[in-house]
Amino acid sequence: MSIAVSTSTDKIIVDKSRNHRNKAVSKAVRATRQRLQTGSSAPSGFDREMLLLHVDAVLHGAIAVPLLVGLISVIGVYLSGSPSILFWSVMTLSAHAVTVYLARKAKRQNIGTEKVAIWRRRFLAGQLLMGLCWATFALQDCSACGEIQFALFEGTGLFIALAATAMGTFLLRKALVYTFLPVVAALGFTSLAGGDPIHVGMTGILSLSLVFLAFMTERMNKANVHILSMQSEKDDLIAELEVAKSMSDEARRRAEEANLAKSRFLASMSHELRTPLNAILGFSEVMSTEVLGPLNNPTYKEYTVDIHRSGEHLLNLINEILDLSRIEAGRYELNEEAVNLVEIAEDCIGMVQLRARGKNITIEPQFEQAMPSVWVDEKAMRQVALNLLSNAVKFTPSGGEIVVKAGWTAGGGQYISIKDNGPGIPEEEIPIVLSAFGQGSIAIKSAEQGTGLGLPIVQAILAKHNGQFILRSKLREGTEAIAILPPRRVLQSLPPVEDVPSPARRRKSFA
């Protein structure tokens with residue numbers, strides 16, 4: 001049976017059994033939307049994530065700066081023999097300890113969005129303190145060792161520190177500039193004061209390197225922000241899908257429960273609905289046939305005929321609704337037995353033959369001979385064949401022709417086919433016709449309107465028999481309805497067992 005798909009979305013339905021999950025997902029959706037909708041050059045929605053990543057980077061690389069400072073101190077003492085390098089190393093390690101302390105404190109605390117700017121300023125202040133330490137190193141001098149040799153030592157140490165700082169602080173915007181701007185300023189002051197070409201060249205190279213690495217760290221920072229943005233969009237999509245799936249599951253569950261309750265109600269109303277209708281039909285028939293005496297007014301007799309005809313129509317409608325409801329409610333039980341499809345088709349042709357002759361419609365049977373029986377519910381299969389034949393007679397115009405076939409399918413099953421040369425059904429209306437209470441435009445315009453339940457009942461009965469229903473139709477050419485039963489429903493006859501002589505009895509021997 002075709003099921004109509006609703007195009008509207010129920011925004012109110014929420015799965016009550018997963019209420020806690022829905023709240024968490026909805027909270028994540030709202031937070032992600034608010035974060036994505038905040039636009040700036042560096043989206044503020046990701047400042048907290050970038051700061052937390054910087055904290056992790058500081059803690060994981062905390063040992064790198066002490067190793068670098070220790071190595072520079074050892075080489076500096078070896079070259080100059082001055083204890084001032086040791087004083088500088090202690091000062092630098094203290095400044096680095098302040099940065100690590102800030103990182104650990106930020107890691108322990110749950111940094112909120114409102115405190116991100118405060119903590120960012122704290123880390124930039126720590127980087128500025130480290131920059132002052134590196135500026136102090138750049139101002140170191142050694143008269144005992146060669147000037148070129150010590151300048152080479154200073155330049156190498158500063159370039160290594162510049163590269164290490166760029167790699168370790170690119171998640172914190174402008175951290176590299178805050179760290180090495182004091183160094184460039186100190187070297188520039190020394191170059192202007194002394195006019196030493198070595199310091200001038202080192203200042204120029206370090207300045208250019210700082211500009212290049214600042215540009216590269218800014219690009220890397222933006223790249224990480226873009227990655228976080230893509231991840232946030234993915235999380236937002238997953239959260240949206242979770243909410244939509246939750247609402248869809250709940251809507252489907254409620255619809256199934258409502259449909260099942262409806263089907264159970266209708267299936268249990270069989271006796272309550274049929275009993276008064278049987279009384280109406282019986283009494284109206286008695287009155288129309290004047291069993292107990294003539295009716296003085298002929299109009300009353302016409303009324304009783306109309307009452308009887310209307311009662312029969314209503315009873316047929318109720319029977320079809322109840323049949324479909326019992327099938328949907330799972331209360332339609334098959335009483336299976338061996339039945340011949342050809343005999344069922346012949347009986348159904350006889351039932352509609354009188355009505356077909358009234359419209360001058362020819363019914364031509366085309367049956368294959370010697371077909372074995374099938375294991376089906378005889379009453380249900382008669383209803384299938386009768387529904388299809390009634391539809392064909394109903395919509396075939398006067399003087400038309402109906403061909404009824406029964407035979408084998410290619411897979412070894414059996415089928416019944418009813419084909420007429422009536423007006424046909426538009427292709428786009430076939431799903432409507434196959435749905436419950438669905439009627440095509442031709443049926444609506446016809447004088448003989450039905451209930452729209454015949455074909456859905458046929459589909460449901462064949463589905464209970466593991467069969468298949470096919471409806472083929474072309475406008476102004478006719479319609480063919482095919483009911484197919486699977487091969488396992490066919491009862492194959494077995495050849496008789498031939499008499500086989502019993503084997504001779506062997507005598508037992510005992511040793």
Point-to-point distance, once rounded to the nearest 0.5 Å, from OG1 of T479 to CG of D420: 5.0 Å

Heavy-atom donor-acceptor pair, S94 side chain to V90 backbone, under 3.5 Å: yes

Under 3.5 Å: donor-acceptor pair, side chain of S246, backbone of E242: no

CG on L59 to NE2 on H54, rounded to 0.5 Å: 9.5 Å

Pairwise side-chain contact, M202 with L187, heavy-atom cut-off 4.5 Å (strictly under): yes

Minimum-distance pair of heavy atoms, taken over all atoms of V433 and P456: O-CD, 4.3 Å

Nearest atoms (heavy-atom pairs only) where P487 meets G411: CG-O, 3.2 Å

Worked check of side chain to side chain contact (heavy atoms under 4.5 Å, CB included) between T169 and T217: CA-CA 8 Å; T169 61; T217 53; over 6 Å; no

Crowding at CZ, R122 (>12 non-hydrogen neighbours, <6.0 Å): yes

Main-chain N/O of A338 paired with S373 side-chain donor or acceptor, under 3.5 Å: no

Parallel, tilted or perpendicular: rings of W134 and F137 (30°, 60°): perpendicular

L341 and L485: CA distance, side-chain angles, deciding distance, side chain to side chain contact (heavy atoms under 4.5 Å, CB included) verdict: CA-CA 10 Å; L341 279 185; L485 292 174; 4.0 Å; yes

More than 12 heavy atoms of other groups within 6.0 Å of E337 CD: yes

Shortest non-hydrogen contact from V55 toward A103: CG1-O, 3.3 Å

From I457 atom CD1 to F469 atom CZ, the distance as rounded to the nearest 0.5 Å: 12.0 Å

Minimum side-chain heavy-atom gap R120-R173 below 4.5 Å: yes

Heavy-atom side-chain proximity of F189 to L139 below 4.5 angstrom: no

Side chain to side chain contact (heavy atoms under 4.5 Å, CB included) between Y415 and K405, worked out: CA-CA 8 Å; Y415 74 93; K405 296 181 181 179; 4.2 Å; yes

Spatial distance of atom CD (E49) from atom CG (D47) [nearest 0.5 Å]: 8.5 Å

P486 side chain near R489 side chain, heavy-atom distance below 4.5 Å: yes

Shortest non-hydrogen contact from T203 toward V184: CG2-O, 4.2 Å

More than 12 heavy atoms from other groups under 6.0 Å of CE on M167: no

Test item: N221 side-chain N/O and L171 main-chain N/O as donor-acceptor pair under 3.5 Å: yes

Close aromatic pair by centroid cut-off 6.0 Å: F159 and F180: no

Q468 vs L462 side-chain heavy atoms within contact, under 4.5 Å: no

R121 vs L124, side chain to side chain contact (heavy atoms under 4.5 Å, CB included): CA-CA, chis, key distance, verdict: CA-CA 5 Å; R121 286 195 294 268; L124 289 177; 5.5 Å; no

Passing candidate, side chain to side chain contact (heavy atoms under 4.5 Å, CB included) with Q127, options V177, L176, T165: T165

Smallest separation among heavy atoms of N224 and F170, with atom names: ND2-CE1, 3.2 Å

N391 and L455, any side-chain heavy atoms less than 4.5 Å apart: yes

L334 to K464 - nearest heavy-atom pair and separation: CD1-O, 3.6 Å

Close side-chain approach of H226 and M230, heavy atoms under 4.5 Å: yes

Approximate separation, where rounding is to 0.5 Å, of L68 CG and I63 CD1: 11.5 Å

Charged N-O contact under 4.0 Å between R253 and D249: no

Heavy-atom side-chain proximity of I72 to S89 below 4.5 angstrom: no

